[in-house]
Number of protein chains: 2
Amino acid sequence: MALTPLQQEFVLHFGEMGSRWGINRTVGQIYALLFISSEPLNAETITEALGISRSNTSMGLKELQSWNLVRLKHFPGDRRDYFTTPDDLWEIVRTLVAERKKREIDPTLTKLRELEMQGPAGDDYAEARIAELRELIEMMTGFYAEMERLETERLVKLMTLGSRIAGLIDKTGGMIPSLTKRK
Amino acid sequence: MALTPLQQEFVLHFGEMGSRWGINRTVGQIYALLFISSEPLNAETITEALGISRSNTSMGLKELQSWNLVRLKHFPGDRRDYFTTPDDLWEIVRTLVAERKKREIDPTLTKLRELEMQGPAGDDYAEARIAELRELIEMMTGFYAEMERLETERLVKLMTLGSRIAGLIDKTGGMIPSLTKRK
DNA sequence: CAGAGATTTCAGAAATTTCTGAAACGGAGG
DNA sequence: CCTCCGTTTCAGAAATTTCTGAAATCTCTG
């Protein structure tokens, strides 16, 4: 499969950005290709389009699957696997955030709790700093857990409202009457 | 400077996590060390504490400075540079988010706009997908711009209120009376 | 402005990550 | 239970990133 110049440039950009996102170039390119392709693609097509080895494609797809970033499709009479990305971009964002949290935040939270468990180490400053960090992360993951439940439409509205909500929270108490009344 | 077992473990953990966060092990360790040290440290002390080369420390500190993650201090009669992290954890988070946005999001937004500029490429699906992605990113960065202005205290309150706010935004319109009234 | 102390730069070494081709594996159909 | 088609695994090659020691640079101080 030959790429159009537009596809080409898009794919190459995501390849380059890949390293900043903690995935490698190939994985970035594969994802970008699936993202801008209207039809599901099989491994052979991807291999050809990106000019990489078949095994590299296999590893890249495996990586993307471990991130839950691709969906598998099948066609009758064809036993090859075909891959796509979800149509809903918000679903993609949600997955991305969830996975990054799992890989980048959770292990640290676990480690911090573990360190606190070990009991007083006679290093007050370090202990205080660790506790503070753990509390911060817990607050943020708690907030995240709330947001996670929202479906796309509500999330969009929340983001649109952003500024107004922000302006409301004042230093004197942060209590919004219509908020505190309910529940 | 010899590290306490607690410091040791904390530092090593951040070193390991570093790779997942797009920074290298040494940079992660240096940051962690500064974070749990009550006093500012100079390059020589860091070098010794982490058992790395002096030049590696220099590069790591330079990297951290480019991320705006460390503060420089000086003591009278000592012309060496001493480094610390901010006391306020929220300030650290803000910096982290701002820098990651700059490195991981902005270049892509620019690229997407650029691709759209190049005009119709006869690939409707790809064009639509790119436009959709750009719009999503613009919405998120817009929301981020709002949040960025909030100082620590308000942010904490917003996060604490999270669930209630989320529950309010309903499908029928998302308009919260007390919100819509004020500008 | 010479010398000492401190930091930065840089080319190559070391370590790590990514990529490939070949071989192993898996499972549907005959 | 063999064969074919497709996928995965894996050991080594290639590429990239990180780290080091030596030299260069920078900047106070006397």
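Sequence lines set the chain letters: A, B, ... in the order given, protein chains first and strands last, and positions in each chain run from 1. The model shown is predicted, which means the values in this text are computed figures rather than measured ones.
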Atom pair distance, as rounded to whole Å: [atom1] in [X] and [atom2] in [N]:
X	N	atom1	atom2	answer
A:Leu61	D:dT9	CG	P	12 Å
B:Asn56	D:dT17	CG	P	16 Å
B:His74	C:dA6	NE2	C1'	11 Å
B:Glu16	C:dT17	CD	P	12 Å
B:Arg20	C:dT16	CZ	C1'	16 Å
B:Phe75	C:dA6	CZ	C1'	16 Å
B:Asp78	D:dT27	CG	P	17 Å
A:Glu63	C:dT18	CD	C1'	11 Å

As a test of reading the structure: which of [options] is closest to the side chain of [X], going by heavy atoms?
X	options	result
B:Lys62	C:dT9, D:dC19, C:dC19	C:dT9
A:Arg80	C:dC10, D:dT7, D:dT16	D:dT7
A:Asp81	D:dC10, D:dT7, D:dT18	D:dT7
A:Arg54	C:dC19, D:dC19, D:dT7	D:dT7

Enter the distance from B:Thr95:OG1 to B:Asp88:CG here, rounded to the nearest 0.5 Å. 9.5 Å
Taking only Lys NZ, Arg NE, NH1 and NH2, and the carboxylate oxygens of Asp or Glu, determine whether B:Glu91 and B:Arg94 approach each other closer than 4.0 Å. no
Pairing of B:Arg113 and B:Glu116 as salt bridge, 4.0 angstrom limit: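 No, B:Arg113 and B:Glu116 are not salt-bridged.
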NA contact type, B:Ile52, heavy-atom cut-off 4.0 Å: base, sugar-phosphate, or nothing?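 Sugar-phosphate contact only - B:Ile52 comes under 4.0 Å of backbone atoms but never of a base.
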Any side-chain donor-acceptor pair under 3.5 Å between A:Arg129 and B:Thr85?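 On atom types as modelled, these side chains qualify, holding a pair under 3.5 Å.
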Assert: residue with more 5' nearest nucleotide on DNA chain D, out of A:Ala43 and A:Ser19, is A:Ala43
Quick check on C:dC19: is either OP1 or OP2 less than 4.0 Å from any side-chain nitrogen or oxygen of A:Asn24?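 It does, given that an N or O in the side chain of A:Asn24 lies less than 4.0 Å from OP1 or OP2 of C:dC19.
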Under-4.0 Å side-chain N/O to phosphate OP1/OP2 contact, B:Thr26 with D:dC19: yes
More than 12 heavy atoms of other groups within 6.0 Å of B:Arg25 CZ: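 Atom CZ in B:Arg25 is not crowded, with 12 or fewer foreign heavy atoms closer than 6.0 Å.
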5' priority, DNA chain C, between A:Thr57 and A:Arg79 [closest heavy atom]: A:Thr57
Could you tell me whether the side chain of A:Ser55 has a donor or acceptor atom within less than 3.5 Å of a complementary atom in the base of C:dG21?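 Checked by distance alone, the answer is yes.
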